[in-house]
Amino acid sequence: MIELLKQLIAIPSVSREEGAAADCLQKWMEGRGLQVHRKFNNLWVETEAVSSKPTILLNAHIDTVKPAPGYTRDPFTPSLEGDRLYGLGSNDDGGSLVSLLEVFLRLNGKELPYRLVFSASAEEEVCGATGLVSILPEIGKVELGIIGEPTGMQMAVAEKGLLVLDCTSHGQSGHAARNEGVNALYAALDDINWFRSYSFPKVNPQLGPVKMTVTIINAGTQHNVVPDKCVFTVDIRPNGEYTNQEIVDMVRASVSCDVQPRSMLHNSSSIPMEHPFVKAGLALGLEAFGSPTTSNQTVITEFKTIKIGPGQSSRSHSADEYICVSEIEDAVDIYLKLLESYGNTME
């Protein structure tokens with residue numbers, strides 16, 4: 001599996017440009033006798049065709065972000081130094097990818113109380129329409145999704161969603177030297193201050209409060225013209241206590257600018273603490289926590305998911321990204337124990 005991960009690191013696979021990496025992975029899986037299904041740059045294999053058995057989905061993604069500034073190594077040259085394998089995508093999400101694939105290979109062909117599907121999906125980093133969401137209808141009804149992401153093999157039982165708002169404040173242009181016009185930038189300041197200071201009343205016990213951050217602002221054309229338009233962007237992380245639509249409605253009722261969400265599809269998610277899979281993890285000594293970062297969980301609404309995988313979230317999207325070989329080995333062992341325990345509840 002480490003050799004496969006090295007091959008994938010060496011192939012640039014930035015979101016929406018995963019074709020070559022998908023080709024490599026498909027060839028590798030077919031070389032092990034697996035019947036690989038493919039749609040766009042998403043791949044999946046299954047232990048059996050759709051049946052009356054409940055389906056467990058194992059998912060990890062093959063796409064990466066662009067290399068972060070500050071790399072001291074070639075991000076596309078895998079480098080194994082002791083226990084650490086360096087390279088772009090090694091931690092996010094290569095460690096989970098090869099761990100879950102290894103789990104699938106070990107269980108494939110065995111008599112299981114569930115149908116197991118492993119999927120390697122594209123466009124996770126951009127929440128793309130031709131990523132995981134495009135193949136879910138092909139996979140069939142799913143009972144539980146295990147989303148591989150770097151969590152230190154602890155259980156993310158809740159995950160914040162994502163709303164990105166494009167906001168526009170309007171004014172009237174005029175000469176800056178005279179008392180003319182209405183400055184759109186000044187109009188935007190009141191709204192920006194509201195985003196900065198407002199606290200949504202409902203706080204989730206695992207995910208905390210809704211978080212809003214103004215991240216981009218643009219206004220004006222030249223120094224002596226009063227700007228008639230100010231555009232700014234707000235990053236919002238819903239906490240599961242409000243729907244995305246409820247948050248947008250509350251924002252629009254509180255600010256004077258025009259508010260346009262880019263997407264309403266990236267929802268927060270959670271799985272009950274009494275779910276058998278969560279209980280199995282707690283019995284193994286794993287911790288449960290709420291995750292502030294998004295994953296493929298945001299596009300899944302029809303079934304429960306849990307996020308768990310080798311590596312650390314703090315290494316993702318950073319220079320000199322790495323995964324430890326021992327983390328991958330431990331992850332395979334933990335995944336197998338979790339699936340065995342969860343399977344026992346189905347029999």
Using a 4.5 Å cut-off on heavy atoms from C-beta on, say whether the side chain of [Y] contacts that of [X].
X: N42; Y: E138; answer: no
X: L34; Y: N108; answer: yes
X: F40; Y: E123; answer: no
X: S90; Y: I9; answer: yes
X: K211; Y: N239; answer: no
X: D191; Y: S256; answer: yes
X: R73; Y: P67; answer: no
X: I56; Y: V142; answer: no

Could you check E3 against Q7 for side chain to side chain donor-acceptor pair (under 3.5 Å), going step by step and ending with a plain yes or no? CA-CA 6 Å; E3 291 306 311; Q7 292 179 43; over 6 Å; no
Checking S314 against Q312 for the side chain to side chain donor-acceptor pair (under 3.5 Å) test, could you report, in this order, the C-alpha distance in whole Å, the side-chain angles of both residues, the deciding distance, and whether it holds? CA-CA 5 Å; S314 58; Q312 298 293 335; 5.2 Å; no
Taking atom [atom1] of [X] and atom [atom2] of [Y], what is their separation to the nearest 0.5 Å?
X: L284; Y: K279; atom1: CG; atom2: NZ; result: 13.5 Å
X: M1; Y: K6; atom1: CE; atom2: NZ; result: 14.5 Å
X: E46; Y: L116; atom1: CD; atom2: CG; result: 10.5 Å
X: T221; Y: K229; atom1: OG1; atom2: NZ; result: 11.0 Å
X: R106; Y: Y335; atom1: CZ; atom2: OH; result: 13.5 Å
X: L57; Y: Y114; atom1: CG; atom2: OH; result: 13.0 Å

Do [X] and [Y] have side-chain N/O donor and acceptor atoms under 3.5 Å apart?
X: S295; Y: E159; result: yes
X: E340; Y: N344; result: no
X: D228; Y: S173; result: no
X: D320; Y: T72; result: yes
X: E18; Y: H61; result: no
X: T151; Y: E149; result: no
X: S119; Y: S121; result: no
X: D83; Y: S326; result: yes
X: D258; Y: H170; result: yes

Under 4.5 Å between side-chain heavy atoms, hopping through other hydrophobics if needed: is there a path connecting [X] to [Y]?
X: L207; Y: I271; result: no
X: M212; Y: I192; result: yes
X: L163; Y: V299; result: no
X: M250; Y: V214; result: yes
X: I308; Y: Y342; result: yes

Criterion side-chain contact (heavy atoms from CB on, under 4.5 Å) against N267, the qualifying member of T301, T298, T243, T294: T301
Checking side-chain contact (heavy atoms from CB on, under 4.5 Å) against V103, which of V98, L338, I146, L339 comes through? L339
Give me the ring orientation class for F200 and Y198: parallel if the planes are under 30° apart, tilted from 30 to 60°, perpendicular past 60°. perpendicular
Should the ring pair F118 and F104 be called parallel, tilted or perpendicular, given that the plane angle runs from 0 to 90° and is split at 30 and 60? tilted
For K337 and D333: C-alpha separation, side-chain torsions, deciding distance, then whether salt bridge (Lys or Arg N to Asp or Glu O under 4.0 Å) applies. CA-CA 6 Å; K337 288 178 179 177; D333 181 59; 3.2 Å; yes
Centre of W28's six-membered ring, under 6.0 Å away, within 45 degrees of the axis: is that where NZ or CZ of R32 sits? yes
Cation over ring, K202 on Y242, under 6.0 Å and within 45°? yes
Let me see the working for E111 and K53 under salt bridge (Lys or Arg N to Asp or Glu O under 4.0 Å), right down to the final yes or no. CA-CA 12 Å; E111 184 62 33; K53 292 180 180 180; 3.5 Å; yes
Does [Y] offer a backbone N or O that forms a donor-acceptor pair with the side chain of [X] under 3.5 Å?
X: T213; Y: T215; result: no
X: R252; Y: V259; result: yes
X: S96; Y: D93; result: no
X: D63; Y: E124; result: yes

Dump the intermediate steps for side-chain contact (heavy atoms from CB on, under 4.5 Å) on L80 and V325, then the final yes or no. CA-CA 9 Å; L80 184 59; V325 174; 3.8 Å; yes
Decide if atom [atom1] of [X] counts as having more than 12 heavy atoms of other residues, nucleotides or ligands within a radius under 6.0 Å.
X: E302; atom1: CD; value: no
X: N224; atom1: CG; value: yes
X: Q35; atom1: CD; value: no

Walk me through it: do N91 and Y322 pass the test side-chain contact (heavy atoms from CB on, under 4.5 Å)? CA-CA 6 Å; N91 181 76; Y322 70 89; over 6 Å; no
Please assess T55 against K141 for the test side chain to side chain donor-acceptor pair (under 3.5 Å), listing each intermediate value before the final yes or no. CA-CA 7 Å; T55 295; K141 183 180 178 181; over 6 Å; no
CA sep, side-chain torsions, deciding dist, call: E143, K304, salt bridge (Lys or Arg N to Asp or Glu O under 4.0 Å): CA-CA 7 Å; E143 179 80 13; K304 292 298 183 183; over 6 Å; no
Quick one: do I62 and L43 satisfy side-chain contact (heavy atoms from CB on, under 4.5 Å)? Show the steps, please. CA-CA 10 Å; I62 60 176; L43 309 172; 5.7 Å; no
I would like to know whether R315 and D92 meet salt bridge (Lys or Arg N to Asp or Glu O under 4.0 Å); could you show each step before the answer? CA-CA 8 Å; R315 300 178 202 153; D92 185 16; over 6 Å; no
In terms of heavy-atom contacts, E125 and T64 come closest through CG-C, 3.9 Å
When every non-hydrogen atom of G95 is compared with those of I323, the smallest separation belongs to CA-CG1, 4.3 Å
Verify side-chain contact (heavy atoms from CB on, under 4.5 Å) between R237 and L162, making sure each step is shown before the conclusion. CA-CA 5 Å; R237 304 295 169 139; L162 173 64; 3.5 Å; yes
